[in-house]
Amino acid sequence: MKGSLIILGFFVAGCLMGRLNILPEWVADDTLATYSLYTLLFLVGMSIGFDTRCWRVLREMHLKVLLVPIFIIIGTFCGAAAASLLLGDMPLQHALGVGAGFGYYSLSSIMITKMVDPVLGSVALMSNIIRELTTLLTAPLLTRVFGKLGPVAGGGATAMDTTLPIIVRCSGERYGIVAVFSGMFLTVAVPLLVTFIFS
């Protein structure tokens, strides 16, 4: 958990510095964060690309790799339905729509804001950010309790980008390939499922 606490510490420090407005404007620009993420993904991709065993594992899995994102979708919708029952005043349709973000907070929250209302869009934003942060902070625990696919399922759509480094670190580079495939599948599924749920 030491690595997760370091990540949380940097996140909290960033929030405080942004709130106190003590950094130059170019640091707060989204472009810097985007290029930092691209660099990180490039380095993770290089380490996966050098390991020829990873590609052999993906070939061996064949259609089994498709089951990972499908079961993530089923599990997320079951969790969203349970949350709807616990909350009581949230319609099942709204809970499923928020869950259909699969951690892809930027797209799902904008779509839900336009299709339903800004309040539910804000709920989707917070819910999906919390999903991503929970995966980043608890990846070692998810691996220990649920196995090596635990962080992949937790990350949802973010398994191909922001949570990929922690997935590779906790589950191994072989599961990095599965995470990228699953994340890409879920990223494509987000606009389709959100539109279907609210149409």
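Numbering of residues begins at 1 and proceeds along the displayed sequence.
Counting only heavy atoms from C-beta outward, the side chains of Phe185 and Leu66 approach each other to under 4.5 Å. For the pair Ile197 and Phe77, the minimum side-chain heavy-atom distance is below 4.5 Å. Taking the side chain as every heavy atom from C-beta outward, Thr143 and Tyr175 never approach each other to under 4.5 Å. Residues Leu193 and Phe102 form a side-chain contact, since some pair of their non-hydrogen atoms from C-beta on lies under 4.5 Å apart.
Grouping the Ile, Leu, Val, Met, Phe, Trp and Tyr side chains by contacts below 4.5 angstrom, directly or via other members, places Leu164 apart from Val188. Note on Leu87 and Val119: separate hydrophobic clusters, where clusters join Ile, Leu, Val, Met, Phe, Trp and Tyr whose side-chain heavy atoms are under 4.5 Å apart, directly or indirectly.
Residues Leu96 and Ala81 share a closest heavy-atom pair of CD2-N, 4.5 Å. Heavy atoms only, all atoms of each residue included: Asp161 and Pro165 are closest at O-CD, 3.4 Å. Considering all non-hydrogen atoms of both residues, Ala153 and Ile72 come closest at CA-CD1, 3.5 Å. For the pair Ser108 and Val190, the tightest heavy-atom approach, listed with the atom from each and the gap, is CB-CG1, 4.1 Å. Residue Asn128 comes nearest to Val98 through the heavy atom pair ND2-O, 3.7 Å, listed as atom of the first residue, atom of the second, then distance. The two residues Phe198 and His94 make their nearest non-hydrogen contact at CE2-CD2, 3.8 Å.
The CG atom of Leu137 lies 10.0 Å from the CD atom of Glu132; values are rounded to the nearest 0.5 Å. A distance of 8.5 Å separates CE in Met126 from CG in Leu133, rounded to the nearest 0.5 Å.
The main-chain N or O of Gly154 is found under 3.5 Å from a side-chain atom of Thr135 such that the two form a donor-acceptor pair. Panel note: side chain Thr76, backbone Gly99; no donor-acceptor pair is recorded below 3.5 Å. Between the side chain of Ser84 and the backbone N or O of Met90, at least one donor-acceptor pair lies under 3.5 Å. For Ser182 (side chain) and Val178 (main-chain N/O), no donor-acceptor pair under 3.5 Å exists by modelled atom type.
The side-chain contact (heavy atoms from CB on, under 4.5 Å) check on Thr134 picks up Ile130, Thr138, with sequence neighbours excluded. Residues satisfying the side-chain contact (heavy atoms from CB on, under 4.5 Å) test with Ile74, not counting sequence neighbours, are Ile70, Phe71, Cys78.
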**Report entry** Stepwise side-chain contact (heavy atoms from CB on, under 4.5 Å) check, Tyr104 with Val194
**Finding:** CA-CA 11 Å; Tyr104 194 174; Val194 169; over 6 Å; no

Query - Step-by-step side-chain contact (heavy atoms from CB on, under 4.5 Å) determination, Leu141 to Arg144 - result: CA-CA 5 Å; Leu141 183 65; Arg144 198 174 311 128; 4.0 Å; yes

For a quick test of your reading: what N or O donor-acceptor pairs under 3.5 Å do the side chains of residues 109-116 make, sequence neighbours left out?
residue: Ser109; atom: OG; partner: Tyr105; partner atom: O; Å: 2.5
residue: Ser109; atom: OG; partner: Ser106; partner atom: O; Å: 3.4
residue: Thr113; atom: OG1; partner: Ser109; partner atom: O; Å: 2.7

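In summary, of the residues considered (Leu67, Val68, Leu142), a side-chain contact (heavy atoms from CB on, under 4.5 Å) with Leu149 occurs for Val68 alone.
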